[in-house]
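Right, I'll just put the structure down here and ask away after.
Residue numbering restarts at 1 for every chain, and letters A, B, ... go by the order of the sequence lines.
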Protein chains: 2
Amino acid sequence: MHKQEVTIYDVAREAKVSMATVSRVVNGNNNVRKETRDKVMEVIKRLHYQPNAVAQGLASKRTTTVGLVVPDLTNLYFAELSKGIDDIALLYKYNIIITSIENRLMKEEQAIQSLLNKQVDGVIYMSNRLSDKTLEAFERTNTPVVLAGTKDNHTDLPSVTIDYKKADTEALNLMFNDGKKNLAMVVGDPNAVVNSEYRIPAYKQFLKDHNISEEHIYTNIKDYSDGYNLYSQLVKDGVDGVIVTRDSSAVGILNSAIDAGRNVPEDLEIVTASATQIASVVRPALTTIKQPLYDMGAVAMRMLTKLMNNEEVDDTNIELPYELLKKQSTLNQ
Amino acid sequence: MHKQEVTIYDVAREAKVSMATVSRVVNGNNNVRKETRDKVMEVIKRLHYQPNAVAQGLASKRTTTVGLVVPDLTNLYFAELSKGIDDIALLYKYNIIITSIENRLMKEEQAIQSLLNKQVDGVIYMSNRLSDKTLEAFERTNTPVVLAGTKDNHTDLPSVTIDYKKADTEALNLMFNDGKKNLAMVVGDPNAVVNSEYRIPAYKQFLKDHNISEEHIYTNIKDYSDGYNLYSQLVKDGVDGVIVTRDSSAVGILNSAIDAGRNVPEDLEIVTASATQIASVVRPALTTIKQPLYDMGAVAMRMLTKLMNNEEVDDTNIELPYELLKKQSTLNQ
DNA sequence: AGAATAGGTGTAAACGTTTGCACTTTTTTG
DNA sequence: CAAAAAAGTGCAAACGTTTACACCTATTCT
């Protein structure tokens with residue numbers, strides 16, 4: 001990389017002002033006389049001057065960049081969260097550095113440290129399992145952090161979520177009212193806070209409240225093929241209704257059932273918990289807990305902008321409304 | 001943001017060496033005596049020193065950051081390309097700044113300029129329509145740029161693609177051999193280079209070669225509902241085989257057909273051109289031109305690392321092999 | 001042994017901005 | 001109309017690194 005062609009210094013010389021004045025013009029500081037401003041602007045145009053954001057970052061100690069921590073970009077759940085974040089970030093002129101942390105050479109803490117070293121002004125964390133080291137890193141830094149679609153039960157980092165317990169209970173209730181009594185829950189990482197603290201307890205509570213003794217919790221079902229392969233086990237266990245946290249797993253179960261000649265929802269009801277595109281294009285379309293993913297991202301990013309500007313944030317643990325979207329994978333009687 | 005707690009200067013003082021030596025240790029320069037290195041390392045650990053990447057970037061003129069330009073994060077096509085890029089980027093210790101440029105407040109040129117101002121070491125462009133202004137920006141900068149999944153017919157920017165003409169011809173041929181003679185092509189942006197220079201010409205050439213006079217090109221079909229709504233038109237036009245560039249549009253057509261009580265592939269054959277997850281989970285599963293999206297991203301990023309290091313790159317316009325994946329949406333006789 | 005080379009370290013300038021402070025000029029005020 | 005306040009501008013230090021250059025010491029070579 002060469003030395004920068006045109007610097008603020010060149011502009012200053014050419015416009016016969018000091019670099020301080022050029023800097024003020026560039027930053028829209030209004031303590032500049034109109035004629036001066038115009039002259040500087042003209043020179044900037046003429047020389048094609050573009051500020052060096054790295055130098056700005058060093059001098060001002062703000063990089064207008066935020067870091068996103070996400071397990072996997074190709075999971076629509078995170079993609080949609082990210083889109084909400086991205087739109088608001090753009091609105092506030094922030095760029096986004098995305099770090100995927102699943103199946104990686106680099107450990108999560110390292111990835112986050114790298115983000116912090118880049119002096120991001122804030123971080124949005126969307127992964128579902130905050131390791132101790134990660135929490136430690138978040139505590140050591142004074143870079144604001146917001147969790148989106150996840151929570152943390154040790155510290156109280158700001159978060160944007162839905163009421164998982166309520167949503168799951170409602171979903172289970174739907175199937176129960178359809179006459180399904182052998183209900184199961186299928187989750188990815190059982191140690192993810194959302195699962196261990198909200199979803200699984202909600203499921204257990206539901207069984208208890210309805211005097212159901214048979215508990216069917218299937219863990220580590222992470223993708224389409226995990227779901228596909230799980231189906232035979234569901235049959236074996238006599239499950240007639242299942243709530244699945246990941247859409248792709250749910251679709252795997254669905255297709256496995258169909259390929260086995262079974263009927264959904266008659267033989268098996270399925271409710272999934274993200275409402276990404278994939279859940280709505282399959283047939284029968286899946287009944288979903290529709291999380292407002294885009295909005296969750298947007299709200300998280302908005303909150304982060306406030307934190308980055310040291311503005312007051314009244315509520316740092318926001319729960320957004322969800323919707324139980326009844327489609328064809330449940331009877332809905 | 002406060003002043004940085006621990007700087008290289010603090011480490012130098014504590015370890016009783018110069019900052020130059022600390023810098024050498026941090027950067028793994030081996031012109032440092034072992035004992036000195038160990039001492040410095042110890043102090044670094046003890047003080048929790050972390051280098052400020054912004055300052056490094058300013059001084060070294062390398063930010064170890066690359067910019068990704070993408071229309072839409074929630075489109076699995078781009079998500080999978082991005083994943084390939086991301087994995088290789090991680091391998092070479094680069095971070096990624098993603099900029100989505102569709103439906104935005106900010107124009108593409110501005111978004112790219114913002115990336116360049118951040119002094120990214122390289123850019124991977126995945127959008128499908130290079131505007132003149134964008135090309136101009138790419139020409140003015142000496143930051144290397146690689147196109148992934150798209151081409152440019154004016155300049156010759158490095159690119160990683162598949163042989164679209166050949167792939168489409170093969171797909172059309174498949175349907176033709178199944179006895180479908182009223183073939184259609186459905187694309188998104190008709191002015192996207194890939195469409196205007198490769199796909200559409202391939203389609204026209206195919207018709208010509210087979211003495212088919214009826215041409216059915218549907219443009220601006222960008223998403224699921226566009227596809228869903230297009231179906232009735234396809235029926236009206238007597239189309240019995242269609243090649244669709246976007247998976248979500250293809251799925252829209254498919255579901256529309258099914259909801260109308262028609263049979264795929266008997267009444268209508270569908271081939272789609274990306275092979276994202278969405279094409280394989282619907283039933284009937286869609287026959288696809290399987291583009292090696294992950295690999296395309298990975299190869300593009302690898303090429304970019306070479307360009308960023310001024311290494312020689314023998315072939316700057318790489319075509320990767322694709323596969324015509326026959327599934328249930330074609331008869332395959 | 002003396003010369004040549006390699007290894008190890010420090011000094012200080014550079015990277016391209018922002019910003020506190022001081023100063024000058026203009027505008028407002030009573 | 002003078003004094004006070006506000007507006008406009010420049011100077012120079014700071015931000016936290018890297019790196020060219022110089023220097024000194026230890027090693028290798030003839």
Looking at T305(A) and R302(A), would you say the former's side chain and the latter's main chain have a donor-acceptor pair under 3.5 Å?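 Confirmed, T305(A) side chain pairs with R302(A) backbone.
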
The answer to which of V26(B) and M19(A) contacts DNA chain D further toward the 5' end, by nearest nucleotide, is M19(A)

Between CG of N95(A) and CG of L90(A), what distance do you get to the nearest 0.5 Å? 8.5 Å

Spacing of CZ belonging to R62(A) relative to CG belonging to N309(A), to within rounding of 0.5 Å: 5.5 Å

Separation of atom CZ in R37(B) from atom C1' in dG7(C), rounded to whole Å: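 Rounded to the whole Å, the gap is 13 Å.
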
If you check the N31(B) side chain, which of dG16(D), dT9(C), dT17(C) turns out closest? dT9(C)

dG16(C) OP1/OP2 closer than 4.0 Å to side-chain N/O of T7(A):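 T7(A) to dG16(C) OP1/OP2: no side-chain N or O under 4.0 Å.
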
Phosphate OP1/OP2 of dA14(C) contacted by Y9(A) side-chain N/O (<4.0 Å): no

Between T143(B) (side chain only) and T141(B) (backbone N and O only), is there a donor and an acceptor less than 3.5 Å apart? no

Nearest-nucleotide comparison on DNA chain C, the residue closer to the 5′ end among T21(A) and A20(B):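 Closest to the 5' end, via its nearest nucleotide, is A20(B).
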
Atom-pair distance (NZ on K16(B); C1' on dT9(C)), nearest Å: 16 Å

On the nucleotide dA14(D), are OP1 or OP2 found under 4.0 Å from the side-chain N or O atoms that K61(A) carries? no

Take atom CG of N29(A) and atom P of dG20(C), then tell me their distance rounded to the nearest Å. 11 Å

With respect to E35(A), which candidate in R37(A), R33(A), K39(A) satisfies the side-chain hydrogen bond (donor to acceptor under 3.5 Å, both in side chains) definition? R33(A)

Does a side-chain N or O from N30(A) land closer than 4.0 Å to OP1 or OP2 of dA7(D), or not? no

Atom-pair distance (CG on N117(A); P on dT18(D)), nearest Å: 12 Å

Rounded to the nearest Å, what distance is computed from the CD1 atom of residue I44(A) to the P atom of nucleotide dT17(C)?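 In whole Å, dT17(C) P and I44(A) CD1 are 10 Å from each other.
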
Just call it for V54(A): base, sugar-phosphate, or nothing, with non-hydrogen atoms closer than 4.0 Å on any strand.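 The residue V54(A) makes no contact with any strand.
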
Atom CG of L58(B) and atom P of dT18(D) are separated, to the nearest Å, by 11 Å

I8(A) CD1 - dT19(C) P separation (whole Å): 11 Å

Provide, to the nearest angstrom, the distance between the CD atom belonging to Q56(B) and the C1' atom belonging to dT19(D).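 The distance from CD of Q56(B) to C1' of dT19(D) comes to 13 Å, rounded to the nearest Å.
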
Checking all strands, does V17(A) fall into the base, sugar-phosphate, or nothing category for heavy-atom contacts under 4.0 angstrom? sugar-phosphate

Taking the side chain of R24(A) as its heavy atoms from C-beta onward, which of dT17(C), dT9(D), dT18(C) lies nearest to it? dT9(D)

Phosphate-side-chain proximity, S23(B) and dT19(D), N/O vs OP1/OP2 below 4.0 Å: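 No, because none of the side-chain N or O atoms of S23(B) sits under 4.0 Å from OP1 or OP2 of dT19(D).
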
